[in-house]
Amino acid sequence: MSTEEQTVSDNQLRQVRIEKLNTLREAGMDPFRANASQTHTSKEAISLYQDELPDEEQKTVSVAGRIVAFRVMGKATFLKLFDRDGKIQCYVRRDEIGEEEYARFKKLDLGDFIGVTGSLFRTKSEEITVRATSYVLVTKTLRPLPEKWHGLSDEDQIYRQRYLDLIVNEESRNRFALRSKIIQEIRKFLWQRDFMEVETPVLQSIPGGASARPFNTHMNALSCDFTLRIALELYLKRLLVGGVERVFELGRVFRNEGVSRRHNPEFTMLEVYQAYTDFRGMMELVKSLILHLCQEALGTTTVLRYDGTEIDLANGWSERRYKDLIIEATECPDWFELSKEEKLKKTTEMGIEVDPELEDFEVTNNVFEKRIEPTLIQPTFVTHLPRQLIPLAKLSPEDETTVEVFELCINGQEIAPAYSEQNDPLAQRKMFEEQAGEEIQKVDNDFLDALEHGMPPSGGMGIGIDRLVILLTGAANIRETILFPPIRPTEG
RNA sequence: GGGUCGUUAGCUCAAUCGGUAGAGCAGUUGACUUUUAAUCAAUUGGUUCGGGGUUCGAGUCCCCGACGGCCUACCA
């Protein structure tokens, strides 16, 4: 037992509870029982109450949970139990459970887990309550709960001790329940459309499908270095080659880059690939998917941003070309005829800082990321992006400087990119080699070999699940959607 | 990485110009058999994030460090 790091006061609170625990043991009781009876959850129990029946004929239930409120009023006590469905009030009277039991009962602490058996009734103030005929201590707690009214607000502690946040902050609890529901409904939606869910390697020797710095690790058995995957794309496309015509993976990817309100080094990605369709097919798919989530998980098609702005996910959709957006934002109709130097001059005039070493198309993309993306609050498909930005997509037949892709932007951030996937192995190889020339990046020859065996024409799409959850839950921050975000370890 | 703000009791927060570290909740003791942040009375609890400095005197001023928030940078 390590007590040395705790303060004196903390130890006192803890010591009192340890003494209570010892007293129970001496009386022959187990303060950490192996099981408890829970015939109904709080919500189920409350729904069983029947207004037309007198108290004597109401149902008997056994509920179990953590004590989150405890009001002793002499010979009777009201308490609130907290379980997975919510809270339920219980009423315990000395004359109903016995004098000796009641004396022990009064020594319970906030935070302890108990089971209560009794029948339902409605109190004077109309709250449906379990009138205890018996109770049992299930698990004794040694540490106090955070303050009952203000809860827990220290952000550091919320992340380090998320369990406390979940106990006392209902908003947080609901957000994670909704995240779970969203993921469940994504699977349902894709299963209904005959997609197969797969799992591909997290440990990869050549991280591909995106351009990001990877995390490095080492595999002893093969005695070689691996990286954690930065995208799912290249393995899922191998499956298209293998005849899996509809495939998706929902999994964690890792990028060894900055942390911000919108970025977390490990995040959850959905990638979907469908043969015999293109990016237009993906447009229909992603729109239907988001509407499905609205209906099945949210129960509404309008969501509120943390700042109160309304987003209309049913009727707000539009489609814009990348070039048109750039020309509008720069108020410069001949933007794409300008030299790089002229573009740099313009961006400086617009107050956008751009590294002059960047390529021409990157300067333009800075305008997109800094001046356009943040303004795309309502769902917008941005199409016809420059080919250099996306090496894994097919060229647009009508304008070969652009590719057949969209980036779906909602809430001022990119939610889902989708492509008509490049399946010309020679064009793909050329693109990779050009890239590898510029950056220190290895060409995934194994993937190119696969393409040479033939990949059917396909549409592919990716969704950053964490950002989708930010959108649908109105969270202010990506960390509000991640149960245990990375934090610096405390010393010792 | 840079800028900036912050760290006081288990939790939420005060503390005037540099002058005795406080409140509410939780805990402890007592009263109370329909309470709702129960109420009433009494009471315990502090390395003021750590280290150094200035000063008769530092939670408060200065320096260094740790941790965190926000902004920013990096990031297909």
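First the proteins, then the strands, lettered A, B, ... as listed; each starts at 1. This is a predicted model, so every value here is computed, not measured.
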Nearest listed nucleotide, side chain of L13(A), among A26(B), C32(B), C70(B): A26(B)
Nearest whole angstrom, please: distance from the P of C32(B) to the CE of M73(A). 11 Å
Nearest-angstrom distance, C1' atom, C32(B) to G69(B): 45 Å
Identify which nucleotide among C11(B), U33(B), A76(B) has an atom closest to any side-chain atom of R93(A), counting heavy atoms from C-beta outward. U33(B)
Just how far, in rounded Å, is P of C11(B) from CG of D165(A)? 14 Å
Find the distance I390(A):CD1 to A76(B):C1' and express it as a whole number of Å. 8 Å
Nearest to the side chain of E257(A) - C75(B), A26(B), A76(B)? C75(B)
Using a 6.0 Å distance limit plus a 45 degree cone around the ring axis, check whether R429(A) lies over the aromatic ring of F432(A). no
Would you indicate what K87(A) reaches in the nucleic acid, counting non-hydrogen atoms under 4.0 angstrom: base, sugar-phosphate, or nothing? nothing
Provide, to the nearest angstrom, the distance between the CG atom belonging to L120(A) and the P atom belonging to U34(B). 20 Å
Are the ring centres of Y91(A) and F78(A) closer than 6.0 Å? yes
Whole angstrom is fine here: how far is it from CD in E155(A) over to C1' in U12(B)? 15 Å
